[in-house]
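What follows is a set of notes on a single structure, which appears directly below.
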There are 2 protein chains.
Amino acid sequence: MTLDEAWRILSEHQFKRTKNRETLLEYFAAHDKYMSAMEVRNFMAQDNPGISYDTIYRNLATFSELKILEETELNGERHFRMQCDAKNHHHHFICTECGKTRSISHCPMEIVTDELSGYEVEGHKFEIYGKCPICIT
Amino acid sequence: MTLDEAWRILSEHQFKRTKNRETLLEYFAAHDKYMSAMEVRNFMAQDNPGISYDTIYRNLATFSELKILEETELNGERHFRMQCDAKNHHHHFICTECGKTRSISHCPMEIVTDELSGYEVEGHKFEIYGKCPICIT
DNA sequence: CAAATGAATAGTAACCGTTACGATTTGTTG
DNA sequence: CAACAAATCGTAACGGTTACTATTCATTTG
């Protein structure tokens, strides 16, 4: 997702254009990987040492709800990354070393749903963990 | 997994037979679903009000390492259930209402691995969330 | 363009699941 | 049954997250 798309979504929902949101979105646009809330906070604190936890977590939650960011839980911490491509449902290989991801086009749900008649499926999680080619060496 | 199997594994690894471990294992044997550490603790506190967090978490971790319990993270909390069947790799549908599970035989990794040449795959998570037939009604 | 107003943020403390640790008790082994 | 290591207790600390009030800021409107 581009910065322009993100701002379009935000303004469509009457969210204001603030310095914090600009810095946040630029940070995500420039880092193509999953990052923890704390990583984000540490970065934000560089030019704004007094930034509040409230600001970080509230904006991350907002962006996530608006599908500007993708969210997942790794080792008990929430991690976020810029939405890859809103149009296509997909899954991720996630590098446990650097956090970078690789999209997986195949979705296992197609095969599984008929195994679950009588059940109401609300969601699913399919993630692959390991080392990316760069981190192996 | 039966209680006998669990105790065999424990004694093979020189773990002692304590009252707490007996109560814990009986609880898991009697509840065929994922339960949080707190749920377990609350149950244990019924006949042993002074039971320590240390005891709960240490034993859950031990059981999990020995593959007596299966572990997953739901909504930021660790959940545990008795190991379904140690022999076969499988995945779960998990009811978000009652925690009960249904095994899914199909594993998506078979199809996906050749999409990931150059990557070192260490693990994966595939879980389906929703309502089971009983909780729908 | 200035005042009004509601959103956004700062500063800080509380919360909750989990982990840690010294002191004590318990299970097992010889 | 003595001795020793394992297990537990009681309690405090920890880390990520959430919550709250006062203040600041972005936008709207006269």
Side-chain angles (χ1 to χ4, degrees), chain A residues 6-28 34-66 68-69 71-81 99, chain B residues 3 6-27 34-66 68-69 71-81 99:
Chain A
W7 282 117
R8 185 182 47 74
I9 294 169
L10 283 168
S11 68
E12 268 171 14
H13 291 79
Q14 280 85 41
F15 285 98
K16 295 179 177 169
R17 189 181 194 101
T18 67
K19 185 83 191 62
N20 281 331
R21 288 187 179 137
E22 277 175 2
T23 315
L24 269 175
L25 288 177
E26 280 163 21
Y27 183 57
F28 278 106
Y34 272 113
M35 293 174 292
S36 70
M38 279 299 160
E39 264 175 284
V40 175
R41 203 200 86 89
N42 291 341
F43 169 78
M44 295 294 288
Q46 286 174 16
D47 25 332
N48 182 358
I51 192 164
S52 169
Y53 289 106
D54 194 289
T55 304
I56 301 291
Y57 283 103
R58 185 172 26 73
N59 281 314
L60 290 177
T62 301
F63 294 168
S64 189
E65 274 162 29
L66 296 175
I68 292 169
L69 297 182
E71 185 177 349
T72 194
E73 202 166 288
L74 303 171
N75 317 316
E77 291 175 32
R78 294 163 67 189
H79 284 67
F80 301 86
R81 56 157 300 145
Chain B
L3 283 177
W7 282 118
R8 186 181 47 74
I9 294 170
L10 283 168
S11 67
E12 269 171 14
H13 291 79
Q14 279 86 44
F15 285 98
K16 294 179 177 170
R17 189 178 193 105
T18 67
K19 185 82 192 61
N20 281 331
R21 289 189 178 136
E22 276 174 5
T23 314
L24 270 174
L25 288 177
E26 279 163 21
Y27 184 55
Y34 272 113
M35 294 174 292
S36 70
M38 278 300 159
E39 266 176 281
V40 175
R41 203 201 85 89
N42 291 342
F43 169 77
M44 294 295 287
Q46 285 175 16
D47 25 332
N48 183 359
I51 192 163
S52 169
Y53 289 105
D54 194 288
T55 304
I56 301 291
Y57 283 103
R58 186 172 25 75
N59 280 315
L60 289 177
T62 301
F63 292 168
S64 189
E65 275 162 29
L66 296 175
I68 291 169
L69 297 181
E71 185 177 348
T72 194
E73 202 167 286
L74 303 171
N75 318 316
E77 289 175 30
R78 294 163 67 189
H79 285 66
F80 302 84
R81 57 156 298 146

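All values reported here derive from a predicted model rather than from experimental measurement. Each chain gets a letter, A, B and so on, in the order the sequences are listed, and its residues count up from 1.
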Could you please name the option among [options] that lies closest to any side-chain atom of [X]?
{"X": "A:T18", "options": "C:dA8, D:dA7, D:dG16", "result": "C:dA8"}
{"X": "B:E77", "options": "C:dG17, C:dA10, D:dT17", "result": "C:dG17"}
{"X": "A:R21", "options": "C:dT9, C:dG17, D:dT8", "result": "C:dT9"}
{"X": "A:K16", "options": "D:dT8, C:dA13, C:dG6", "result": "C:dG6"}

(message) Both B:R17 and B:A37 contact DNA chain C. Taking the nearest nucleotide for each, which residue is further toward the 5' end?
(response) B:A37

Would you say [N] has OP1 or OP2 under 4.0 Å from some side-chain N or O of [X]?
{"X": "A:N59", "N": "C:dT9", "answer": "yes"}
{"X": "B:R58", "N": "C:dT19", "answer": "no"}
{"X": "A:R78", "N": "D:dT18", "answer": "yes"}
{"X": "A:Y57", "N": "D:dT17", "answer": "yes"}
{"X": "A:N20", "N": "D:dC25", "answer": "no"}

(request) Please work out if A:N48 contacts a base, only the sugar-phosphate, or nothing of the nucleic acid, heavy-atom cut-off 4.0 Å. (result) sugar-phosphate

(message) Base, sugar-phosphate or nothing for A:F15? Non-hydrogen atoms, less than 4.0 Å.
(response) sugar-phosphate

Distance, rounded to the nearest Å, where [X] contributes [atom1] and [N] contributes [atom2]:
{"X": "A:L24", "N": "C:dT9", "atom1": "CG", "atom2": "C1'", "result": "12 Å"}
{"X": "B:M38", "N": "C:dT18", "atom1": "CE", "atom2": "C1'", "result": "7 Å"}
{"X": "A:L74", "N": "D:dT17", "atom1": "CG", "atom2": "P", "result": "11 Å"}
{"X": "B:L60", "N": "C:dA20", "atom1": "CG", "atom2": "P", "result": "15 Å"}
{"X": "B:E39", "N": "C:dT18", "atom1": "CD", "atom2": "C1'", "result": "16 Å"}
{"X": "A:D47", "N": "C:dT9", "atom1": "CG", "atom2": "P", "result": "14 Å"}

(request) If the plane angle is over 60° it's perpendicular, under 30° parallel, otherwise tilted; pick one for A:Y27 and A:F43. (result) parallel

(request) Could you tell me whether a side-chain N or O of A:E71 sits under 3.5 Å from a main-chain N or O of A:R78, the two making a donor and an acceptor? (result) no

(request) Kindly compute the distance separating CG (B:L10) from CG (B:L25), expressed to the nearest 0.5 Å. (result) 6.0 Å

(request) Kindly say whether, by distance alone, the side chain of B:S52 makes a donor-acceptor pair under 3.5 Å with the base of D:dG10? (result) yes

(request) State, to 0.1 Å, how close B:I51 and B:M44 come at their nearest heavy-atom pair, and which atoms those are. (result) CD1-CE, 3.8 Å

